[in-house]
Amino acid sequence: MNTQTEKPIKERLFDLLYESLNEKQREAVYQVKGPLLVLAGAGSGKTTVLTRRIAHLIRFGDAVHASEAPLSDAERVALEEVLKARPVDRDLLIEILKGFAVEPCEPWQVLAITFTNKAAGEIRARLEAELKEAANEIWAGTFHSICVRILRRYITLLGYQSDFSIFDADDSKKLITSILKDLNVDEKALSPREVQNEISRAKNAMRTPEEFAARGSVDFFSKTVSEVYTVYNQRLFESNALDFDDILCKTVSLLENFSEPRDYCQNRFRYVLVDEYQDTNPVQFRLVQLIAAKHRNVMVVGDDDQSIYKFRGATIENILTFDQSYPDAKCVYLEQNYRSTGNILAAANAVISHNRERKGKKLWCDAENGDKLQYFRLGDQEEEASFLVDRIAALVRDGKCEYRDCAVLYRVGAQANALESVFAKSGLPHRQLSGLRFYDRAEIKDILAYLCVVQNPADDLHLLRIVNLPRRGIGDTTIAAARAIAQTESKTLFSVLNSADQYPELSRASARIKEFCNLIAIFIEARDRVSLSELFSKVMDESGYTAMLEAGGKETAEKLDNIRELVSSAIAYEEQHEDATLAGFLEEAALISDIDNYDESANAVVLMTIHSAKGLEFDYVFLPGFEESIFPSSRSWDSDAQLEEERRLAYVALTRARKGVTITTAATRLIYGHTTYNPVSRFAEEIPPELLEGDPIKKLQREGLFQKADAHFAGEIRPARAIAEKTLAPRRPGIRQTTVAGQAQKAKEVFGAGARVVHPMFGAGTVLRATPMAQDMLYEIAFDEVGTKKIMGNYAKLTKE
DNA sequence: CACGCTCTGCCTGCG
DNA sequence: GCAGAGCGTG
């Protein structure tokens with residue numbers, strides 16, 4: 001009868017169910033009631049904890065911590081048998097443990113919030129594997145998708161119509177540009193981008209235009225921004241549109257001001273789980289607080305050391321002060337890393353320990369120390385790139401890994417071009433991510449703009465984009481006149497155009513305007529009658545857009561492909577949703593922004609920014625451009641907070657690697673059209689030297705490459721690029737030559753037709769043709785194994801067979 | 001009204 | 001180094 005002896009059996013049974021988790025992970029899963037903060041280091045299995053905890057809530061509720069009815073002796077004996085049985089019958093175990101369930105929750109009472117669609121998709125996939133159909137009822141989505149669902153239901157309370165449009169960052173920038181023009185603000189004095197950032201920051205900090213104006217000093221900047229902010233919100237409202245920030249803000253104001261949506265959410269969501277909590281901003285914090293206010297079962301998972309989005313409004317304070325917002329919060333640290341080798345972790349720990357603003361975690365692992373981290377200084381960015389090519393080729397050739405296990409991660413997108421062109425010439429299979437995202441491509445936005453107008457003719461902004469695309473003789477003067485009329489009569493642009501013949505200013509183009517309006521009317525009429533994909537082809541053909549692209553040359557072929565891709569995504573959408581509507585598709589398009597941007601099945605080296613690599617992992621990580629002024633960015637030099645954010649980014653970069661990290665710098669780098677000479681990043685210096693091999697780090701600085709280097713650490717840094725350029729020799733002799741797998745060898749050897757050569761990747765082959773090109777040779781080589789390829793001599797390091 | 005040329009300015013970027 | 005914006009001309 002005494003629970004003392006029975007409890008262990010139950011707990012032992014649960015421990016058996018979660019035997020693949022470590023003790024801390026289990027602790028987080030079992031902690032069901034009340035607020036819970038999980039500080040999960042890189043590679044500590046946080047997604048696993050999150051998804052298994054959800055399954056646990058649904059199956060067992062608070063079974064572990066609640067006390068249960070006493071067991072009979074027979075039951076206890078039976079359970080002991082189950083405990084001993086091997087192999088473990090998981091399904092049976094789950095069924096048995098369900099007997100201990102205490103207030104298990106329904107799937108639809110669980111809300112799991114992530115930042116990216118990718119993360120949401122991963123959670124959903126894992127839940128489905130675990131819970132089958134029940135998983136479909138769980139609300140798992142991004143902040144934005146969840147808010148949109150709430151808004152569609154309740155936004156009429158705020159005076160919007162429930163079929164509101166969503167403006168992406170590009171749309172809102174355009175709108176801001178046009179407002180700046182209307183207000184006669186010189187773009188040089190105040191760039192649209194700056195204003196956009198400021199407005200976005202204000203919205204994310206939950207400041208209205210009035211508050212912004214009241215709080216701000218009366219300087220030109222704040223005054224203008226608050227003015228633009230006011231007009232911007234008005235225009236959005238008139239267009240029945242929300243920008244990305246509104247999606248969150250409007251949801252918060254709905255929940256704050258109206259009891260119906262608030263009660264609905266608070267009653268419904270017994271359990272709220274938030275992933276990547278370190279990236280939340282004040283609005284998101286408030287949202288979570290509001291939704292979880294009633295049941296207070298809120299679990300947040302994050303890593304303060306991986307907070308790298310302060311620049312877009314995230315406040316690391318949300319995670320640092322979670323225990324102040326919820327004084328009864330439990331806190332679990334997940335510090336065991338299952339990803340990286342000991343040396344990599346030691347290096348990452350050493351770097352991040354230089355930050356002051358942190359909770360303080362130390363990752364550890366059972367894995368071996370593994371290889372040391374490598375550092376190499378190359379001559380210029382092309383040497384750097386071809387060095388990486390050689391290294392990766394060697395790794396793959398030696399069977400250490402495949403191409404897909406290697407990632408080249410850089411700080412700024414501008415580094416990508418140089419890397420990409422060298423990779424392309426070398427023939428190394430690679431893919432560059434984080435370039436232009438799919439839905440950001442002009443042709444995609446064009447077609448979507450048509451559809452937005454068809455869905456919501458009040459959407460002036462998208463109307464403006466397509467009214468003269470393809471060219472149909474409705475030019476800037478006509479549009480300006482029509483917009484002026486719309487403004488004075490406070491009508492939408494479309495309604496003015498619709499009655500163009502009534503306005504003498506529009507008479508000249510009135511026939512063409514009429515034709516355009518008819519076109520849109522036909523589309524609108526077709527909207528609810530034909531299928532989504534039919535509507536698509538109707539719009540593309542009858543608007544003349546397809547014809548315009550077909551008339552174009554080489555580049556437009558790719559655009560047509562992209563549009564076809566869009567059509568197939570519409571078809572896929574139709575297949576997935578029985579009641580597929582245009583509105584639904586547009587919403588998905590606005591919120592998804594990228595179609596599966598990282599296809600892990602392709603066997604190719606990945607090139608991307610460190611930011612976009614967050615959450616991913618690779619065997620071998622290459623970090624080119626580990627230089628002062630690039631990383632940390634020179635913009636961060638004068639602020640400790642920004643430097644710490646850069647350091648966290650370095651921590652993220654290092655912890656992406658499972659087996660190997662290679663850091664490189666270039667003595668000379670051409671970036672943004674300027675040549676720069678940067679010393680090695682302070683972050684590389686923060687890695688204990690005994691963990692590094694390759695080129696010496698300190699020595700290069702002492703040689704005077706960058707004399708003020710030591711000043712960085714005193715914090716009095718102001719090394720102007722100009723000074724550096726004057727004081728430094730353009731290129732030092734004796735800089736490491738690019739080598740194949742470490743063996744010294746000059747690349748300059750020239751081969752004639754008929755020569756037998758060996759390529760690091762393609763193996764042996766015969767030169768068919770050698771054509772001099774610039775200061776290089778273009779070889780056409782018939783390889784014995786992989787066929788004939790064209791290769792640039794300077795990039796592919798050919799050797800004599 | 002449309003097209004082509006020059007000029008400038010640039011981090012990172014989810015939804 | 002490249003893209004988008006602005007300006008001038010046919």
Side-chain angles (χ1 to χ4, degrees), chain A residues 113-120 141-148 166-174 177 181 187-188 191-194 196-197 200 203-204 242-248 251 275-276 279-281 283-284 307-314 381 409-418 420-421 433-437 439-440 442 468-480 508-509 512 587-594 597 608-615 625 629-637 642 645-646 648-650 652-653 669-675:
Chain A
I113 315 179
T114 64
F115 274 84
T116 63
N117 289 301
K118 190 175 173 0
T142 61
F143 271 102
H144 290 84
S145 71
I146 284 156
C147 287
V148 167
I166 297 167
F167 279 13
D168 67 17
D170 207 50
D171 297 331
S172 68
K173 192 172 168 193
K174 283 217 169 78
T177 311
K181 229 171 249 157
E187 255 194 44
K188 272 157 215 138
S191 75
R193 193 195 156 91
E194 225 175 324
Q196 185 186 21
N197 281 337
S200 173
K203 285 189 175 183
N204 284 324
L242 302 185
D243 66 18
F244 281 133
D245 301 320
D246 284 339
I247 290 175
L248 305 178
T251 310
D275 194 14
E276 304 278 12
D279 290 333
T280 50
N281 62 35
V283 188
Q284 288 158 336
S307 157
I308 54 174
Y309 286 113
K310 191 173 185 176
F311 73 90
R312 70 181 191 209
Q381 79 272 11
L409 309 179
Y410 36 83
R411 174 66 181 80
V412 287
Q415 289 172 258
N417 289 329
E420 213 278 333
S421 70
L433 298 186
S434 84
L436 204 50
R437 294 178 307 169
Y439 283 102
D440 285 344
N468 200 28
L469 193 97
R471 299 269 124 97
R472 46 172 74 89
I474 306 174
D476 295 342
T477 8
T478 311
I479 294 302
R508 244 175 30 134
R512 286 170 293 210
E587 179 180 313
E588 190 163 293
L591 293 181
I592 284 185
S593 84
D594 216 340
N597 65 4
M608 64 179 130
T609 63
I610 301 170
H611 281 93
S612 43
K614 195 172 80 154
S629 95
I630 292 181
F631 195 15
S633 149
S634 50
R635 292 165 187 244
S636 68
W637 283 352
Q642 288 183 55
E645 175 138 318
E646 296 277 312
R648 291 192 291 270
L649 192 58
V652 168
R669 182 179 301 277
L670 185 67
I671 197 162
Y672 299 126
H674 279 283
T675 304

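In what follows, chains are A, B, ... by sequence order, proteins preceding strands, each numbered from 1. Predicted model, so just to flag it, every value in this text is computed and none were measured.
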No-H, no-angle donor-acceptor pair, A/Arg669 side chain to C/dG1 base, under 3.5 Å: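 By the distance-only test, no, there is no pair.
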N/O donor-acceptor pair, side chain A/Arg411 with base B/dC11, under 3.5 angstrom: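 Indeed there is one.
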Indicate whether OP1 or OP2 belonging to [N] is found under 4.0 Å from a side-chain N or O atom of [X].
{"X": "A/Arg635", "N": "B/dT12", "value": "no"}
{"X": "A/Asn417", "N": "C/dC2", "value": "no"}
{"X": "A/Asn197", "N": "B/dG13", "value": "no"}
{"X": "A/Arg312", "N": "B/dC11", "value": "no"}
{"X": "A/Thr609", "N": "B/dG13", "value": "yes"}

Identify, between A/His611 and A/Asp476, the residue whose nearest nucleotide on DNA chain B lies closer to the 5' end.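 The residue whose closest nucleotide sits nearer the 5' end is A/Asp476.
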Between B/dG15, B/dC11, C/dG1, spot the one nearest the side chain of A/Ser633, thanks.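 So the nucleotide nearest the side chain must be B/dC11.
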Taking the side chain of A/Phe115 as heavy atoms from C-beta outward, which of B/dC14, B/dG13, B/dG15 is closest to it?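 Per side-chain heavy atoms of A/Phe115, the pick is B/dC14.
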Give none if B/dC7 has no partner; otherwise give the nucleotide forming a Watson-Crick or G-U wobble pair with it, both distances under 3.5 Å.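 With both distances under 3.5 Å, B/dC7 matches C/dG4.
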Pairing partner of B/dC14 (Watson-Crick or G-U wobble, both distances under 3.5 Å):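 Paired with no nucleotide.
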Per-pair stack call A/Tyr309 and B/dC14, 5.5 Å, 30°: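 A/Tyr309 vs B/dC14: stacking no.
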